[in-house]
Every structure is written in structure tokens, then in C-alpha cells.
2 protein chains.
Amino acid sequence: MTTTRPGTERDLLRSAGLRATEQRVAVLRALESNPHADAQGVFDVVRSELPDTSLQAVYGVLSALTDAGLARRIEPAGSPARYELRVGDNHHHIVCSRCGAIGDVDCAVGAAPCLTPAETSGFTLTTAEVTYWGLCPDCATAPLG
Amino acid sequence: MTTTRPGTERDLLRSAGLRATEQRVAVLRALESNPHADAQGVFDVVRSELPDTSLQAVYGVLSALTDAGLARRIEPAGSPARYELRVGDNHHHIVCSRCGAIGDVDCAVGAAPCLTPAETSGFTLTTAEVTYWGLCPDCATAPLG
DNA sequence: CCTCAGTTTTGAAGGGTTCAAAATAATGGC
DNA sequence: GCCATTATTTTGAACCCTTCAAAACTGAGG
């Protein structure tokens, strides 16, 4: 067996119709160990493994993953875009208003109560996105600010 | 009576502890007639009244209004920041994913059901923000894309 | 009317992201 | 296994939105 050994990321990419490049595999790994990382954060992690990777490549990979449905892009106010691999379930996020840390939050009351506003102003609704704001454990207990 | 006549915006500014400059009055008027406008949009409207106003002044005014609680800043993903004068009530927004138009949406089920997630990952919660995505009336009936 | 602090103007820089052409590398077929 | 094809990445640059900073100005109180 001289073929590829691990391959889970490669398989994931191929099954999504994407070429399994080492940059893409590295980005997937980076996001596995760093949920909610931004492009720069992914870049930093990827570089430790593939030192010649460019930031633009990371942007390209993140875009490809997002388009293919393998990643999800979230953009909290005042923060650069973050990416996560947890897709397909409609979960939400809680953002620390002090340090920007992000946590996952499952939908509040069962299925999707927030998905049905009273009045949509004539808009056709497709999705609802909830962002909670607060303080992460560290910042809540930290000194002043 | 040779004093100011209209003055509602001026009064509003003064009561918030801000100087009533003509730029600020103009920005308030622009937001009254253009809810959810972005800085550039406000700038365009203000310029029709005060041609010498700078974009930086608009940014400054919007920042001052937001800090003073007279305006609210919203930042939908993929859009420049928008501003609105409707503050104090926790209403949400619906954004057209095609053209970016924004509508107001009152909180779905009475008070604030979305404010209580099941699990906060240890975060201390302060606010919840709901963004609905869909198509505005115009885009829903428009041709393709 | 004058003074002083708060605002705006002017000019520039910054971060995050996207664009484009050329070089490179991953597939599928031979 | 080797080639050709086409997707990806590299390289280098530009873009938009926003903020910063010093100097000129203006509103509000005395």
C-alpha cells in the first residue's frame, strides 16, 4: 500500500467535486483545529505546514469550500469573516463583544422559532441568522477594559 | 421670534448632549428619509443640502449619533454598515440577498424568545440580534440573476 | 461679541478582500 | 507511468470601506 493513507480530507474534497490539493487539505485541517478562524488565522496555521502557501490561496480555498458547501462563512459586525466546517445544521453564534471569541449555540427553542417573523415587509424569507453578543468566560472574569 | 423655527433635530441633538451643527441636522434628516442608508448614501443626500460636507464628516456624525444612542448601526454580512434612527426597541432586519435592500422586522414572538439560547458555551449573554435573509418584493418578481 | 472646546476639513493611511495574468499541479486517458 | 487538459496557486496589484491626524473652523456659553 503505497497509496495515500489518511485521506479523509481528500475524500471529502473529491466527493464535493473539488481537486484535493495540499493547500485545501491543510485549510480543512486548520479549520478542524480552529473553528471560527478568520482568513489570516487559517493562513497562519496552514503556513506552519505549507510555508509557501500564499494568503490569496487561502482566500481562494475558503471561497471554494464555502461555495461547495463544505464550509460556512460568518461575518459578525466589526470582525473579519470567520469560517467553520460545521455546516448543514442551522446553529447560531455567540460573539464576545470584548475579544471577538466565538462560540456555537444551538437553536434556542427546538426547530427554528426565530425563522418565523410576524411581518416580513413583503420580503420572501429564506433563512434566519441569530447572533448573540456577550462576554466569553475569560473576558467576563478579567479585570477592567 | 427670530429664533430657530423647525428645530426638532436640533433639540434632539442638544438633549443628547451634542452640538447642533448643520451637518448633524442634515445627517439626521437624511436618515429620516432613508432608513438603513450606508455612509455613502447618507453622504449623497447630505451633499444635496450641504455641498461642502466631507465624507469623513458624515462618518464622524454617524459615529457621534451612534455613540449618543440616537442612531443604530447594523452590519449585514457583505454590506457596508447601515444606520437607522429607530433605536430603543429591539427590532430585527430582513436583508435582500440579491440587492441588499433592508426591511424592519419586529421580534417574532412577543417579547424576546430568541434572547434565550439553550446553551451559551459559558458566555455571559447581553443581546441577541436576528438577521433574516430573503428576497425583497422587487427582486422576488424580477427576471433571473 | 469673544473665547474655547467641540467639529469639520483636508489629506492620508489602514485592514480585509478581491482581481488578473502567468506559473504550477492534480486529474483522467493513453 | 506519462501527457495533456484544466483547475489552482502564485505573484503583484488594486479595491472599498473605514479610521487616523493636524489644521481650520464654528457653535454655545459667558
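Quick caveat: nothing in here was measured; it's all calculated off a predicted structure. Below, chains carry the letters A, B, ... as their sequence lines are ordered, and counting in each starts from 1.
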Worksheet, complete the sentence: Arg24(A) has its side chain closest, among dT19(D), dT9(D), dT8(C), to dT9(D)
Worksheet item: Once you build an axis from the first five pairs and another from the last five of the helix from dC1(C)-dG30(D) to dC30(C)-dG1(D), how far apart in angle are they, to 10 degrees?
Response: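 The angle separating the two end axes equals 30°.
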Worksheet item: When all nucleic acid strands are considered with a 4.0 Å heavy-atom cut-off, which category describes Ser63(A): base, sugar-phosphate, or nothing?
Response: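 The residue Ser63(A) makes no contact with any strand.
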Worksheet item: Which is true for Asp38(A) with a 4.0 Å heavy-atom rule: it touches a base, it touches only sugar-phosphate, or it touches nothing?
Response: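 It contacts nothing in the nucleic acid.
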With sequence neighbours excluded, tell me which residues meet salt bridge (charged side-chain N to carboxylate O under 4.0 Å, His left out) with [X].
X: Arg14(A); result: none
X: Arg72(B); result: Glu84(B)
X: Asp52(A); result: none

Worksheet item: Listed by chain and number, what are the side-chain contact (heavy atoms from CB on, under 4.5 Å) partners of Gln56(A), not counting sequence neighbours?
Response: Ser54(A)
Between [atom2] on [N] and [atom1] on [X], what's the gap in Å once rounded to a whole number?
X: Asp52(B); N: dT10(C); atom1: CG; atom2: P; answer: 7 Å
X: Arg82(A); N: dG16(C); atom1: CZ; atom2: P; answer: 11 Å
X: Leu50(B); N: dT26(D); atom1: CG; atom2: C1'; answer: 13 Å
X: Leu18(B); N: dG29(D); atom1: CG; atom2: P; answer: 13 Å
X: Glu49(B); N: dT8(C); atom1: CD; atom2: P; answer: 14 Å

Practice prompt. Using a strict 4.0 Å threshold on nitrogen-to-oxygen distance, state whether Arg86(A) and Asp106(A) make a salt bridge.
Written response: yes
Worksheet item: Considering all heavy atoms of both residues, which atom of Pro76(B) and which atom of Ile102(B) are nearest to each other, and what is their separation?
Response: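 Answer, listing the atom of Pro76(B) first, then Ile102(B): CG-CD1, 3.8 Å.
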Discussion item. Does dT18(C) have its OP1 or OP2 closer than 4.0 Å to a side-chain nitrogen or oxygen of Tyr59(A)?
Written reply: no
For nucleotides 20-26 of chain C, print each protein N/O atom paired with a nucleotide N/O atom at under 3.5 Å, atom names and distance only.
residue: dA26(C); atom: N3; partner: Arg19(A); partner atom: NH1; Å: 3.3

Discussion item. With side-chain contact (heavy atoms from CB on, under 4.5 Å) as the test, pick out the partner of Arg29(A) among Val27(A), Leu31(A), Val25(A).
Written reply: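 With Arg29(A) as partner, Val27(A), Leu31(A), Val25(A) yield a single side-chain contact (heavy atoms from CB on, under 4.5 Å), made by Val25(A).
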